[in-house]
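A short worksheet on the structure shown next.
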Amino acid sequence: MSRFTLLFLLLLPTPASAANIVLWNAEELFDTATVNERQADLRRFAQATQPDVLLIDEVCSYEVVERVREVMGLDGYQIACSDFNQRDDQEHASFEVGIISRFPLTRVVEYDQTPDNRMYGRDNEPNELPLEVGSLLKLGVKQAGVGRGFLWARIDDLKLTLCLTHLKSSASGDEAENAMKREHVAAAMALSVLEDMEDFPGYTYLVAGDLNVGETDAKKNGDDLDVDVFSGEGDRYDDTHALLRGGLAGLRMRSLTKDVGETYDDPRYAGSGPIDCIYLAGEGRLTPARKTAETFGSDHFGVWTVWE
């Protein structure tokens, strides 16, 4: 082999080796001061999971995600953060989702129910697109107020597209309306994955985030958008998971998290399964997810899968 040939081969891009894709609801990282207070736990989380791509929920700003990257020691990683609420000081109402990636983020889009891009002229906002309400209504998805959307990103080095979200919780308010808010965004993500399959053939497609309804919750998980029963025992009124795995939107993704058990650290929800979920479609080989042994100061366990 000539020196020229050897040099040419060395300069060729090499395929990505195994990479850890980690999902974590870090709990109430309202500002950088909170990150500083929890930096020891955040650093231990990074040491335990060794993230190559970290998908993080319950951050309130790009600056918070930036500080998380710093305290975790993820130098050189790229950052993206949604900006559903451009007020960063409203605590729970300001929750965003963020991506911290060792691989270049080729494109980032925020799918927002209330597009208001660059209201304050911020340079670090992602491009925005509206959730296509008309397409959702054709599916039979009911609309119940507005809420967060999802953050979409493409990583060409892995031939991967990501949809990251944090869906409406069940902690307060009307549960029928909460379920419809979850279904609204889940359906939009399902349609986005179907579109990605046409636009990026040969890629892998992940939907991930705190979906706020357990994968194995027999009382909540339904499979018919036209039937929502609230009659006490035997209720099955939430079609969030069926929209991603059950074909209600024409999509059947595979869950990587279904066997990890509860990811919300509260014994009241024993048996409901993970609410921090990773769904897969496409060409990539990813391992079944694992759960961290502790919560690292959060009220959620982290979950991760390995890109092989």
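All heavy atoms count here, side chains included; hydrogens, waters and symmetry mates do not. Index from 1, following the sequence.
- Between the side chain of E262 and the backbone N or O of P267, no donor-acceptor pair lies under 3.5 Å.
- Between D41 and the options R44, R38, R43, a side chain to side chain donor-acceptor pair (under 3.5 Å) holds for only R44.
- Contact check for L167 versus D210: no side-chain heavy atoms found under the 4.5 Å cut-off.
- Using a distance-only test at 3.5 Å, with no hydrogens or angles considered, a donor-acceptor pair links the side chain of R252 to the main chain of G246.
- For the pairing with N178, the side chain to side chain donor-acceptor pair (under 3.5 Å) check across R182, E175, K181 returns one residue only, E175.
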**OP:** For side-chain contact (heavy atoms from CB on, under 4.5 Å), just list the numbers for N25 and H166, CA-CA rounded to whole Å, side-chain angles, deciding distance to a tenth of an Å, and then say yes or no.
**Re:** CA-CA 9 Å; N25 181 328; H166 181 188; 4.1 Å; yes
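- Atoms CD and CE, on E283 and M197 in that order, are 9.0 Å from each other to the nearest 0.5 Å.
- Listed by chain and residue number, D156 satisfy the salt bridge (Lys or Arg N to Asp or Glu O under 4.0 Å) test with R154 (two or more places apart in sequence, or in another chain).
- Residues Y237 and L248 do not share a hydrophobic cluster, clusters being chains of Ile/Leu/Val/Met/Phe/Trp/Tyr side chains in contact below 4.5 Å.
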Original post:
Run the side-chain contact (heavy atoms from CB on, under 4.5 Å) check on Y205 and L160 step by step: do they pass?
Top reply: CA-CA 6 Å; Y205 319 95; L160 173 69; over 6 Å; no
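- In the model, E96 has no side-chain atom that pairs as donor or acceptor with a side-chain atom of S61 under 3.5 Å.
- Distance CZ/F84 to SG/C60: 12.5 Å, rounded to 0.5 Å.
- Using modelled atom types, one side-chain atom of D239 and one backbone atom of D224 make a donor-acceptor pair closer than 3.5 Å.
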Original post:
Between V97 and I56, is a side-chain contact (heavy atoms from CB on, under 4.5 Å) present by the stated rule, with each step listed?
Top reply: CA-CA 6 Å; V97 296; I56 189 165; over 6 Å; no
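- The closest side-chain heavy-atom distance from L151 to C163 is not below 4.5 Å.
- The closest side-chain donor-acceptor pair between H92 and E28 falls under 3.5 angstrom.
- Side-chain contact between L243 and L225 is present, with at least one heavy-atom pair separated by less than 4.5 Å.
- Residues forming a salt bridge (Lys or Arg N to Asp or Glu O under 4.0 Å) with E91 (at least two apart in sequence, or on another chain): none.
- Hydrophobic side-chain contacts under 4.5 Å tie M180 to no other Ile, Leu, Val, Met, Phe, Trp or Tyr residue.
- F95 belongs to a hydrophobic cluster whose remaining members, ordered by chain and number, are F30; membership requires side-chain heavy atoms of ILVMFWY residues under 4.5 Å apart, directly or through intermediates.
- The shortest side-chain heavy-atom distance between Y77 and D75 does not fall under the 4.5 Å cut-off.
- A 4.5 Å side-chain heavy-atom check between L74 and P51 finds at least one atom pair inside the cut-off.
- Atom OG1 of residue T49 and atom CG of residue L23 lie 11.0 Å apart, to the nearest 0.5 angstrom.
- Here the CG atom belonging to N212 is positioned 8.0 Å from the NZ atom belonging to K220, to the nearest 0.5 angstrom.
- Here CD of Q78 is found 9.0 Å from CZ of R69. Values are rounded to the nearest 0.5 Å.
- Considering only residues two or more places apart in sequence or on other chains, E195 meets the side-chain hydrogen bond (donor to acceptor under 3.5 Å, both in side chains) condition with none of them.
- Under the 4.5 Å side-chain criterion, counting only non-hydrogen atoms from C-beta, I21 is in contact with L286.
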Under 3.5 Å, side-chain donor or acceptor atoms of residues 274-281 against the rest of the protein: list the pairs with distances, not counting sequence neighbours.
from	atom 1	to	atom 2	distance (Å)
D276	OD1	H300	ND1	3.3
D276	OD2	T263	OG1	2.7
D276	OD2	H300	ND1	2.7
Y279	OH	H241	ND1	2.7
Y279	OH	R245	NH1	3.3

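- Residues satisfying the salt bridge (Lys or Arg N to Asp or Glu O under 4.0 Å) criterion with D223, sequence neighbours excluded, are R236.
- Looking at S94, its side chain does come within 3.5 Å of a backbone N or O of R87 through a donor-acceptor pair.
- Counting only heavy atoms from C-beta outward, the side chains of V53 and I100 never approach each other to under 4.5 Å.
- In this structure, D57 has no side-chain hydrogen bond (donor to acceptor under 3.5 Å, both in side chains) partners at least two apart in sequence or on a different chain.
- In this structure, a donor-acceptor pair under 3.5 Å is absent between the side chains of Q50 and N20.
- Proximity of a side-chain donor or acceptor of T240 to a complementary backbone N or O of A186 within less than 3.5 Å is not detected.
- No donor-acceptor pair closer than 3.5 Å links the side chain of D266 to the backbone N or O of Y269.
- Residues M72 and Q47 form no side-chain contact, since every pair of their non-hydrogen atoms from C-beta on lies 4.5 Å or further apart.
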**OP:** Apply side chain to side chain donor-acceptor pair (under 3.5 Å) to W152 and D196, showing your working.
**Re:** CA-CA 11 Å; W152 179 96; D196 288 350; 2.8 Å; yes
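- Sorted by first and then second residue, the ring-ring contact (aromatic ring centres under 6.0 Å, His included) pairs with a member in residues 34-64 read W24-F45, F45-F296; sequence neighbours excluded.
- Residues satisfying the side-chain hydrogen bond (donor to acceptor under 3.5 Å, both in side chains) criterion with R290, sequence neighbours excluded, are absent altogether.
- Every residue meeting the side-chain contact (heavy atoms from CB on, under 4.5 Å) condition with E70, not counting sequence neighbours, appears here in chain and number order: E66, R67.
- Take E215 and apply the side-chain hydrogen bond (donor to acceptor under 3.5 Å, both in side chains) test, not counting sequence neighbours, and it matches S255, T257.
- Side-chain atoms of Q39 and N36 include no donor-acceptor pair closer than 3.5 Å.
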